Amino acid sequence: MAITTEDITAKLQATFTDSIESAQVLADMLTITVKKDKIYEVIRFLKEEPSLNFHFLTTCCGIHYPDAEMRFGMMYQLHNMPENVRIRLKTFANEEEPAFPSLTPLWGSANWMEREAYDFFGFRFTGHPDLRRILNVDDMVGWPLRKEFPLEDQARYDKDDKMFGR
């Protein structure tokens, strides 16, 4: 019998009573919001609990909501391949340079995904073995996927704004 979203939610709420902030189905996927200080333990539980078996890390990426109370976040998607069930986990922070626990002890593939979140959002990952830029140049200033990053090169001298109705 396939595991249901109700089963997953019940196990998580029973094990991590005060750490689960919300649980809802969004776009046909169970989405759980977890307190930042417990996200590693929740993800490890989802991976190691035999009845859940979320052993594959599909995605981990950064989130930036500039006008929200909790501006920065990480989103993780896990997959239980034998039963073809997916789950999305989110956790949020409001620090200027947010730090999240690294998942590299659980999945080696988290290394590159966390480096990408560092490179584009400036997120730090405690316990990461080699946190450095992966796609942008090393001397780049700023974090290009944060919403406050300028969309155009402010140093351009050849741009005439009146041609663009400005």
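Bear in mind the structure is a predicted one, so any value in this text is a computation, not a measurement. Positions are given from 1, in the same order as the sequence printed here.
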By salt bridge (charged side-chain N to carboxylate O under 4.0 Å, His left out), which residues pair with Lys36, not counting sequence neighbours?
Glu95
Let me confirm one number: the [atom1]-[atom2] distance from [X] to [Y], rounded to the nearest 0.5 Å.
X: Asn111; Y: Ile134; atom1: CG; atom2: CD1; result: 7.5 Å
X: Lys90; Y: Ile32; atom1: NZ; atom2: CD1; result: 11.5 Å
X: Glu48; Y: Glu41; atom1: CD; atom2: CD; result: 11.0 Å
X: Leu78; Y: Ile8; atom1: CG; atom2: CD1; result: 10.0 Å

The complete set of salt bridge (Lys or Arg N to Asp or Glu O under 4.0 Å) pairs with one or both residues in residues 111-134, sequence neighbours excluded, reads Glu97-Arg124, Asp119-Arg133, Asp130-Arg132
For residues 16-32, which residue pairs qualify under salt bridge (Lys or Arg N to Asp or Glu O under 4.0 Å), counting only residues two or more places apart or in two chains?
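Residue pairs with at least one partner in residues 16-32: there are none.
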The complete set of ring pair (Phe, Tyr, Trp, His ring centres under 6.0 Å) pairs with one or both residues in residues 76-114, sequence neighbours excluded, reads Phe100-Phe123
Ser19: which residues meet the side-chain hydrogen bond (donor to acceptor under 3.5 Å, both in side chains) condition with it, sequence neighbours left out?
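side-chain hydrogen bond (donor to acceptor under 3.5 Å, both in side chains) check on Ser19 returns nothing, list empty.
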Partner set under side-chain hydrogen bond (donor to acceptor under 3.5 Å, both in side chains) for Thr9, not counting sequence neighbours
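If we apply the side-chain hydrogen bond (donor to acceptor under 3.5 Å, both in side chains) test to Thr9, skipping adjacent residues, there are no hits.
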Could I get the full list of ring-ring contact (aromatic ring centres under 6.0 Å, His included) partners for Phe45, not counting sequence neighbours?
Phe16
Taking ring-ring contact (aromatic ring centres under 6.0 Å, His included) as the definition, give me every residue that meets it alongside Tyr118, ordered by chain and number, with sequence neighbours left out.
Trp143
Indicate every side-chain donor-acceptor pair of residues 51-62 with a distance under 3.5 Å to a residue at least two apart or in another chain.
{"unit_1": "Ser51", "atom_1": "OG", "unit_2": "Lys11", "atom_2": "NZ", "d": "2.8"}
{"unit_1": "Ser51", "atom_1": "OG", "unit_2": "Glu49", "atom_2": "OE2", "d": "2.9"}
{"unit_1": "Asn53", "atom_1": "OD1", "unit_2": "His55", "atom_2": "ND1", "d": "3.3"}
{"unit_1": "His55", "atom_1": "ND1", "unit_2": "Asn53", "atom_2": "O", "d": "3.1"}

Check the pair Leu103 / Phe125 against side chain to side chain contact (heavy atoms under 4.5 Å, CB included), numbers first and verdict last.
CA-CA 9 Å; Leu103 298 185; Phe125 292 91; over 6 Å; no
For a 4.5 angstrom cut-off between non-hydrogen side-chain atoms, does Leu46 reach Leu12?
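Result yes, sub-4.5 Å side-chain heavy-atom pair found.
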Please list every donor-acceptor pair under 3.5 Å in which a side-chain atom of residues 63-75 meets a protein atom from a residue at least two apart or in another chain.
{"unit_1": "His64", "atom_1": "ND1", "unit_2": "Lys147", "atom_2": "N", "d": "2.8"}
{"unit_1": "Arg71", "atom_1": "NE", "unit_2": "Asn94", "atom_2": "OD1", "d": "3.4"}
{"unit_1": "Arg71", "atom_1": "NH2", "unit_2": "Glu96", "atom_2": "OE1", "d": "2.9"}

Can Val34 and Ile43 be said to form a side chain to side chain contact (heavy atoms under 4.5 Å, CB included), step by step?
CA-CA 10 Å; Val34 181; Ile43 290 175; over 6 Å; no
With a 3.5 Å distance limit and no angle check, can you tell me whether Thr4 reaches the backbone of Ala2 through a side-chain donor-acceptor pair?
no
Is there a path of hydrophobic side-chain contacts, each under 4.5 Å between heavy atoms of I, L, V, M, F, W or Y residues, that connects Ile87 with Leu26?
no
